[in-house]
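Reading through the structure tokens given below for one structure.
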Amino acid sequence: MVLCPKHLEISLQELKADMEKLMVIPGGFKVLLVEDSTLFRQLFKETLHNRLPSIELYEATNGAEALEKIEALHPKLIFMDIRLPDENGLELTQKIKARYPNTIVIILTGFDLPEYRDFSSRYADYFFSKDSSTTEIIFTLIKSLLPDRVYEGIPPFQSEIMSSGSG
């Protein structure tokens with residue numbers, strides 16, 4: 001059966017709408033925040049939920065917990081702190097990318113050092129410092145990964161994340 005151009009366009013629009021619905025149901029887009037600072041983790045989590053209420057957000061406070069959650073949940077996006085209690089976040093990122101190369105890893109640190117940037121450029125997808133001026137860039141990046149439908153009804157960004165001083 002061949003559809004006329006108009007019906008084909010309608011069918012494609014319906015298919016796109018169905019695919020976008022799949023992205024906003026539970027399991028559609030999982031994010032893992034690997035961060036040992038309780039204050040920063042809570043602020044970042046609240047900001048993500050305010051801006052992206054349809055994503056599933058999980059937390060890990062150390063490398064071992066992060067690896068367990070990655071294995072169980074298969075998140076599409078990971079925010080990784082560098083200084084963790086049991087493991088270096090850069091080395092953890094290297095392990096994650098070796099096993100899950102399609103998972104996007106964003107290094108998010110309070111220590112914007114050249115050696116961290118250099119290591120990150122080889123293994124992580126992005127590197128950002130923990131200050132509120134980079135928050136909008138992070139949301140722009142996340143938005144580029146999600147369908148537009150996720151953003152319907154979400155107010156414009158207002159700086160909500162503050163530096164916690166942790167790494």
**Request:** With Arg41 as reference, evaluate Glu59, Glu46, Glu35 under the side chain to side chain donor-acceptor pair (under 3.5 Å) test and give the passing residue.
**Result:** Glu59
**Request:** Could you grab the distance from atom NZ of Lys97 to atom OH of Tyr123, nearest 0.5 Å is fine?
**Result:** 12.5 Å
**Spacing of CG belonging to Leu33 relative to NZ belonging to Lys69, to within rounding of 0.5 Å** = 10.0 Å
**Message:** To check you understand the geometry: which heavy-atom pair defines the closest contact between Leu32 and Ala66, and what is its length?
**Reply:** CD2-O, 4.0 Å
**Side-chain (Asp118) to main-chain (Pro114) donor-acceptor, under 3.5 angstrom** = no
**Complete:** Across all chains, not counting sequence neighbours, the side chain to side chain contact (heavy atoms under 4.5 Å, CB included) partners of Leu90 are Ile82, Asn88, Ile107, Tyr116, Phe119, Ser120
**Request:** Side-chain contact test, heavy atoms from C-beta onward, threshold under 4.5 Å: evaluate it for Thr109 versus Phe127 and give yes or no.
**Result:** yes
**Request:** Could you tell me the separation between the CD1 atom of Ile96 and the CD atom of Glu91, rounded to the nearest 0.5 Å?
**Result:** 12.0 Å
**Message:** For Tyr100 and Glu71, which I'm curious about, is there any donor-acceptor pair between the side chains at under 3.5 Å?
**Reply:** yes
**Item:** Residues in side chain to side chain contact (heavy atoms under 4.5 Å, CB included) contact with Glu115, at least two apart in sequence or another chain
**Value:** Leu113
**Asp125 (side chain) donor-acceptor with Ile106 (main chain) under 3.5 angstrom** = no
**Message:** Quick check against the 3.5 Å criterion: does Lys30 have a side-chain atom that pairs as donor or acceptor with the backbone of His74?
**Reply:** no
**Message:** Between Asp86 (side chain only) and Gly63 (backbone N and O only), is there a donor and an acceptor less than 3.5 Å apart?
**Reply:** yes
**Asked** About how many Å separate CG of Leu48 and CG of Leu43, when rounded to the nearest 0.5 Å?
**Response** 11.0 Å
**Message:** When you compare the side chain of Glu56 with that of Leu73, does any pair of heavy atoms fall below 4.5 Å?
**Reply:** no
**Item:** Inter-residue atom distance Leu108.CG - Phe44.CZ, 0.5 Å rounding
**Value:** 5.0 Å
**Request:** Check Leu92, Ile78, Thr103, Val34 against Ile70 for a side chain to side chain contact (heavy atoms under 4.5 Å, CB included) and give me the one that passes.
**Result:** Ile78
**Asked** Quick one: CG on Leu84 to OG1 on Thr61, what's the gap to the nearest 0.5 Å?
**Response** 8.5 Å
